[in-house]
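Shown next, in structure tokens, is the structure this report addresses.
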Amino acid sequence: MSFFNSIGRSMQRAPRQPRRSTTPTSATFPSTDSLPPPVPTGTTAQKPLYLCSPFVEAALVKGNFKTIVMLPKYADVMEWVAVNIFDFYTNLNQFCGVLAECCTQQSCPSMAAGPNLSYTWINQDRKSVQLPAPTYVDYVMTWVQNLLDDENVFPTKSGRDFSPRFPSTVKHVYRQLLRVFAHLYHAHFPQILHLRSEGHLNSLFAHFLAFGKEYELLEVKDIKGQPGAPVGVGALWEKWKDMGILES
């Protein structure tokens, strides 16, 4: 089902159900004491650990994620997209919090997501600026949290309808959350392994990718990057498609 083709559907919505996570997560994470140092962002490394066996296969959910992302019967598609955005943000934010002490301005001076790729932030003057990764991540997560708290963007009261701009807004949200995932995999996967949380992160990210593809929230160019500056997790996207975890 195309999310954007559904905007013109009925303006009447069922009352919003309590939000609950659709992605399995652990209630607690192991201690972050003695975490290994992050991967240097300016050096060319060998094959990333997240593409190596057994880490690439690690998951809490087995099989294809297509069944998880399908619109439930009688559910409103915009409600479904909204509640999943909330879940992805909440679960990703937990990982960011756990890794905060090893993602610093000194260890991550740029928002690196590949050997030759660092994302830039558009400031208030509409200029692209380089930011340390923790600052970039903080800007993204604060911006998304403010959107989630805005009743005009993510209505929670019965009788309130989604704005016609909702599809473009959530596409922008998805692009920014993808960048946070990309940085965590590129720079902090060794710490994820130390925490024994690779299955949690892989399941969350695979769910995120499958949902984005199903509802046209992701652009392939954002996942793969540009020639000469590929996104590291673009190779993971392709690997999981070959393994049957994601749809081709």
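Excluded from the calculations below are hydrogen atoms, water molecules and symmetry mates; all remaining heavy atoms, backbone and side chain alike, are included.
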Distance-minimising heavy-atom pair for [X] and [Y]:
{"X": "Ser203", "Y": "Leu60", "value": "OG-N, 2.7 Å"}
{"X": "Pro164", "Y": "Pro167", "value": "O-CD, 3.3 Å"}
{"X": "Pro134", "Y": "Gln105", "value": "CG-N, 3.7 Å"}
{"X": "Gln176", "Y": "Tyr136", "value": "OE1-OH, 3.0 Å"}
{"X": "Leu209", "Y": "Leu178", "value": "CD2-CD1, 4.4 Å"}
{"X": "Gln191", "Y": "Cys102", "value": "CG-SG, 3.7 Å"}

Is a donor on one side and an acceptor on the other found under 3.5 Å between the side chain of [X] and the backbone of [Y]?
{"X": "Asn202", "Y": "Ala59", "value": "no"}
{"X": "His183", "Y": "Ala113", "value": "no"}
{"X": "Thr104", "Y": "Ser107", "value": "yes"}

Are the side chains of [Y] and [X] in contact, using a 4.5 Å heavy-atom criterion?
{"X": "Val170", "Y": "Phe154", "answer": "yes"}
{"X": "Leu49", "Y": "Ile192", "answer": "no"}
{"X": "Tyr50", "Y": "Leu193", "answer": "no"}
{"X": "Asn84", "Y": "Val69", "answer": "no"}
{"X": "Glu247", "Y": "Glu214", "answer": "no"}
{"X": "Leu236", "Y": "Val56", "answer": "yes"}

- Any side-chain donor-acceptor pair under 3.5 Å between Glu216 and Tyr174? no
Looking at [atom1] of [X] and [atom2] of [Y], how far apart are the two atoms once the value is rounded to the nearest 0.5 Å?
{"X": "Gln94", "Y": "Leu204", "atom1": "CD", "atom2": "CG", "result": "9.5 Å"}
{"X": "Asn64", "Y": "Ile245", "atom1": "CG", "atom2": "CD1", "result": "8.5 Å"}
{"X": "Leu184", "Y": "Leu99", "atom1": "CG", "atom2": "CG", "result": "6.0 Å"}
{"X": "Thr90", "Y": "Ile85", "atom1": "OG1", "atom2": "CD1", "result": "11.0 Å"}
{"X": "Trp80", "Y": "Met70", "atom1": "CH2", "atom2": "CE", "result": "10.5 Å"}

- Apply the ring-ring contact (aromatic ring centres under 6.0 Å, His included) test between Phe205 and each candidate in Phe95, Phe65, Tyr185; give the one that qualifies. Tyr185
- Query: Counting only heavy atoms not in Gln226, do more than 12 fall under 6.0 Å of its CD?
  - Reply: no
Exercise answer: donor-acceptor pairs, residues 139-147 side-chain atoms, under 3.5 Å, sequence neighbours excluded:
| from | atom 1 | to | atom 2 | distance (Å) |
| --- | --- | --- | --- | --- |
| Thr142 | OG1 | Asp138 | O | 2.8 |
| Gln145 | OE1 | Tyr89 | OH | 3.0 |
| Gln145 | NE2 | Asp149 | OD1 | 3.1 |
| Gln145 | NE2 | Asp149 | OD2 | 3.3 |
| Asn146 | ND2 | Thr142 | O | 3.3 |

- Task: Go through the structure and list residues passing side chain to side chain donor-acceptor pair (under 3.5 Å) with Thr135, not counting sequence neighbours.
- Result: none
- Set of residues satisfying side chain to side chain donor-acceptor pair (under 3.5 Å) with respect to Asp222, sequence neighbours excluded: Arg175
- Task: Output all residues satisfying side-chain contact (heavy atoms from CB on, under 4.5 Å) with Pro54, sequence neighbours left out; order by chain, then residue number.
- Result: Glu57
- Query: What pairs meet the salt bridge (charged side-chain N to carboxylate O under 4.0 Å, His left out) rule with one or both residues in residues 231-244, with sequence neighbours excluded?
  - Reply: Lys224-Glu238, Glu238-Lys241
- Item | Parallel, tilted or perpendicular: rings of Phe208 and Phe88 (30°, 60°) | perpendicular
- Task: Could you check whether the rings of His207 and Phe211 sit parallel, tilted or perpendicular, using 30° and 60° as the cut-offs?
- Result: perpendicular
Would you be so kind as to tabulate the donor-acceptor pairs closer than 3.5 Å made by side chains of residues 119-132, with sequence neighbours excluded?
| from | atom 1 | to | atom 2 | distance (Å) |
| --- | --- | --- | --- | --- |
| Asn123 | OD1 | Asp125 | N | 2.9 |
| Asn123 | OD1 | Arg126 | N | 3.2 |
| Asn123 | OD1 | Lys127 | N | 2.9 |

